[in-house]
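Shown next, in structure tokens, is the structure this report addresses.
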Amino acid sequence: MSQGPAQPPAPPGPLPGLDEVGVLVRSHEGGGWTSSDREKGALCLVPGLMKGDEREEPEAGPEPAAPPPPADEQEALLEFHHSYRELFQFFCSNTTIHGAIRLVCSRHNRMKTAFWAALWLCAFGMMYWQFGLLFGEYFSYPVSLNINLNSEKLVFPAVTVCTLNPYRYTEIKEELEELDRITEQTLFDLYKYNSSNTLVAHARGRRDLRESLPHPLQRLPVPAPPRAASRVRRSGSSLRDNNPQVNRKDWKIGFQLCNQNKSDCFYQTYSSGVDAVREWYRFHYINILSRRRDPSPPLEEDALGKFIFACRFNQASCNEANYSHFHHPMYGNCYTFNDKNSSNLWMSSMTGVNNGLSLTLRTEQNDFIPLLSTVTGARVMVHGQDEPAFMDDGGFNLRPGMETSISMSKEAVKRLGGDYGDCTKNGSDVPVENLYGTKYTQQVCIHSCFQVNMIRECGCAYIFYPLHRGVEFCDYRKHSSWGYCYYKLQDAFSSDRLGCFTKCRKPCSVTTYKLSAGYSRWPSVTSQDWVFQMLSRQNNYTIKNKRDGVAKLNIFFKELNYKTNSESPSVTMVTLLSNLGSQWSLWFGSSVLSVVEMAELIFDLLAITFLMLLRRVQSRKQLTTRTKHKRGHTKACTVSSSKMTGFSTRMSLHAAFQGRRHLLLFLNLDSRR
């Protein structure tokens, strides 16, 4: 059976799964390579494309519209320059500061540019150096002292007069009897001074009495001086020595003070025997006063008349409404004329001795405490109406048998507080309690500070200062070591270890009175008989010692012009701005608007710097994003390559299988032939 010519084997059909894989690959890859991928140089084979096949290119879309060309001038709310160079060139070309334009005009000549740049920077540096000096002067808060002279009717100050005798000796003699006997015995033992005819007869009994008081007065030896000093003393021994010679000259007088448990003691010593005896007597006298129920005795009805024989102001007699009374533990009865409690304050409209205060005082010492009141006369102090009288600090003594004329001149001081000075307006910002309850003064604060420390350290109050609530005065029968505590505290107070002088600031407003004194004998020898006779009959009092029995005091204004010293700031804000403008004009010849231009330049510099930093941060973020995208694309290409390798392997096996099938079919046909 003839068979026709052999037909060539049919070409193999499309590989199964080829189109599906290709479609899947195209759908996975997004339709082939894009232009951006080609620009990046990515070499990835797409599954489903064999050698010789053409990859279908995606249809190109419409071209994006080109951005419109920028206009020549665009208005904006804020405009910043693109570079520092452009900013400085614009500033130098348009600023009103002298010399800046030369930096732009001479930019083609480097030598001139360098010269003007150095000159401009030097002027800028010198100006701000001067600015620093001006600001330093302003913040040092200097003050100027202004002196003004005023002339008007003046308010007469307060005048306090004291008797110099705290008590009549007959009133307190019984309480002081023991102390007086021990003092007399001490004077006899130390100085061989016999003040009483009974000392020798009862010497042993008084020595026993001496032991009843603590802190006896003793003679203390002093270490021998160096040889040079002893030679000097021997060379001067021919001179008369007023001090009594008792055994040796090299010794001191004092008394011992100890703390509560006797673990620490010291001697309060004095080189003068008079001072030692008086201070020792005063120490025991304070303890005796502390035991009295009322240290201030009641004022007798005729006490003023027995002390002040006559009182006149502006040729008019004084009355009880013109004075007030208080008692001082050392100076006795004190009378303050024209204080704040007076019904009508005295006014001075004229100067001179006849237009002031005139007092005639009794200064006899018939009933004085002999071992305590060692001064004769009277104690006087001039002060403000609302200020307490500190007789120890600002008083002076009147001499008996003399007419003392005190002329005054008023002076006011007004200080600046706050940053300009360390003063206080009313003491409310001072960390010390005012125990006097009066207007704040530095002396009020200092004495209050000492009393507060005395109460805190010693547990009792000093009798010379106001008594604090709930505290009693010091007495060695109740507070055995208060003397030790007091003298230790006094030493710390004097050296300002307590801080009282630091805490107590000066008041910002102070009124002071400068005094000048003149003395004359009063009454004169020719007139003393009738003067004393008139004073005796007028006051019903017989003056025994005429010359030392009276004293006269005149206090008056010597001028109605008073000086006011006031402080004012040396450098105010207006002065500072004026000086700054002068320096700016000197170095740059510009105005306030030029300062605004400098501020604008600084603002633009900061803005440009901020924008440049912002751009740098954004560029770093974009670079990081691109790097991550490139890494993801490379990973996708790797996945596609692995898929292509598996597909090629399957294609090779399929081709080999199809070739074997065709070979077997061909051999079968050939055998049939």
Side-chain angles (χ1 to χ4, degrees), residues 149-163 299 303-328 331 333-362 378-391 393-398 403-413 436-439 441 443-444 507 509-518 522 538-539 550-564:
L149 290 177
N150 306 285
S151 180
E152 59 185 9
K153 183 185 293 186
L154 299 179
V155 178
F156 199 81
V159 178
T160 300
V161 184
C162 299
T163 61
L299 183 65
L304 180 63
K306 291 181 180 180
F307 174 58
I308 300 177
F309 289 157
C311 173
R312 294 179 66 86
F313 179 78
N314 281 350
Q315 304 300 320
S317 299
C318 308
N319 52 49
E320 295 182 358
N322 299 129
Y323 74 91
S324 60
H325 167 265
F326 69 92
H327 184 268
H328 192 277
Y331 297 109
N333 291 323
C334 298
Y335 305 91
T336 302
F337 295 88
N338 198 40
D339 65 351
K340 62 180 180 179
N341 297 322
S342 300
S343 56
N344 294 317
L345 294 180
W346 291 339
M347 303 294 295
S348 293
S349 57
M350 297 181 64
T351 61
V353 66
N354 295 323
N355 298 284
L357 177 64
S358 179
L359 298 173
T360 303
L361 307 175
R362 171 186 171 238
R379 188 77 172 178
V380 182
M381 181 178 178
V382 179
H383 55 92
Q385 274 80 15
D386 50 358
E387 300 175 3
F390 295 104
M391 308 305 294
D393 301 335
F396 59 92
N397 293 335
L398 291 182
E403 180 179 12
T404 304
S405 297
I406 306 296
S407 60
M408 302 182 299
S409 61
K410 181 181 177 181
E411 184 173 341
V413 178
Y436 289 83
T438 60
K439 175 186 175 182
T441 63
Q443 292 300 104
V444 166
S509 180
V510 180
T511 301
T512 59
Y513 298 93
K514 292 188 174 181
L515 310 179
S516 57
W522 184 87
Q538 180 182 354
N539 296 277
V550 293
K552 191 172 183 180
L553 172 66
N554 300 316
I555 301 178
F556 56 91
F557 280 110
K558 65 179 179 181
E559 58 182 3
L560 296 180
N561 298 328
Y562 68 95
K563 184 170 62 174
T564 302

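Remember, predicted model here, so these are calculated numbers, not experimental data.
Using a 4.5 Å heavy-atom cutoff, the side chains of F396 and L515 are in contact. Using a 4.5 Å heavy-atom threshold, the side chains of C311 and L357 count as touching. With a 4.5 Å cut-off on side-chain heavy atoms, Y513 and F557 count as touching. For the pair F156/M408, a side-chain contact is recorded, criterion being any heavy-atom separation below 4.5 Å from C-beta on. Using a 4.5 Å heavy-atom threshold, the side chains of T511 and E387 count as separate. Annotation: side chain of I308 is in contact with side chain of F337 (closest heavy-atom distance under 4.5 Å). With a 4.5 Å cut-off on side-chain heavy atoms, N333 and F307 do not count as touching.
Shown here for F326 and A389, the closest heavy-atom pair between the two residues is CZ-CB, 4.3 Å. Taking every heavy atom of both residues into account, K558 and S407 meet most closely at CB-CB, 3.8 Å. Closest approach of G384 and A158 over heavy atoms only: O-CB, 3.9 Å.
No more than 12 heavy atoms of other residues, nucleotides or ligands lie within 6.0 Å of CG in N344, so this atom counts as exposed by the packing criterion.
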Walk me through it: do N338 and V159 pass the test side-chain contact (heavy atoms from CB on, under 4.5 Å)?
-> CA-CA 7 Å; N338 198 40; V159 178; over 6 Å; no

For S324 and D339, what are the C-alpha separation, side-chain angles and deciding distance, and is it a side-chain hydrogen bond (donor to acceptor under 3.5 Å, both in side chains)?
-> CA-CA 7 Å; S324 60; D339 65 351; 2.5 Å; yes

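R379 contributes a side-chain N or O that, together with a main-chain N or O of G395, makes up a donor-acceptor pair within less than 3.5 Å. Put simply, the side chain of E559 never gets that close to the backbone of K410: no donor and acceptor are under 3.5 Å apart.
Between H325 and Y335, the ring-plane angle classifies as tilted under the 30° and 60° cut-offs.
Residue T336 holds its OG1 atom at 11.5 Å from OH of Y323, rounded to the nearest 0.5 Å. Here the straight-line distance linking atom CG of L149 with atom OG1 of T564 works out to 8.0 Å at 0.5 Å rounding. Taking CG of L154 as the reference point, atom CD of E152 lies at 6.5 Å (rounded to 0.5 Å). The NZ atom of K514 sits 5.0 Å away from the NZ atom of K563 when rounded to the nearest 0.5 Å. With rounding to the nearest 0.5 angstrom, the OG1 atom of T160 is 6.0 Å from the CE atom of M391. With rounding to the nearest 0.5 angstrom, the SG atom of C334 is 11.0 Å from the CE atom of M381.
Not counting sequence neighbours, the partners of K552 by the side-chain contact (heavy atoms from CB on, under 4.5 Å) test are S358, T360, E403, W522, N554.
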Only pairs under 3.5 Å count here: list side-chain donor-acceptor contacts from residues 345-355, not counting sequence neighbours, and write none if there are none.
unit_1, atom_1, unit_2, atom_2, d
N355, ND2, T351, O, 2.9

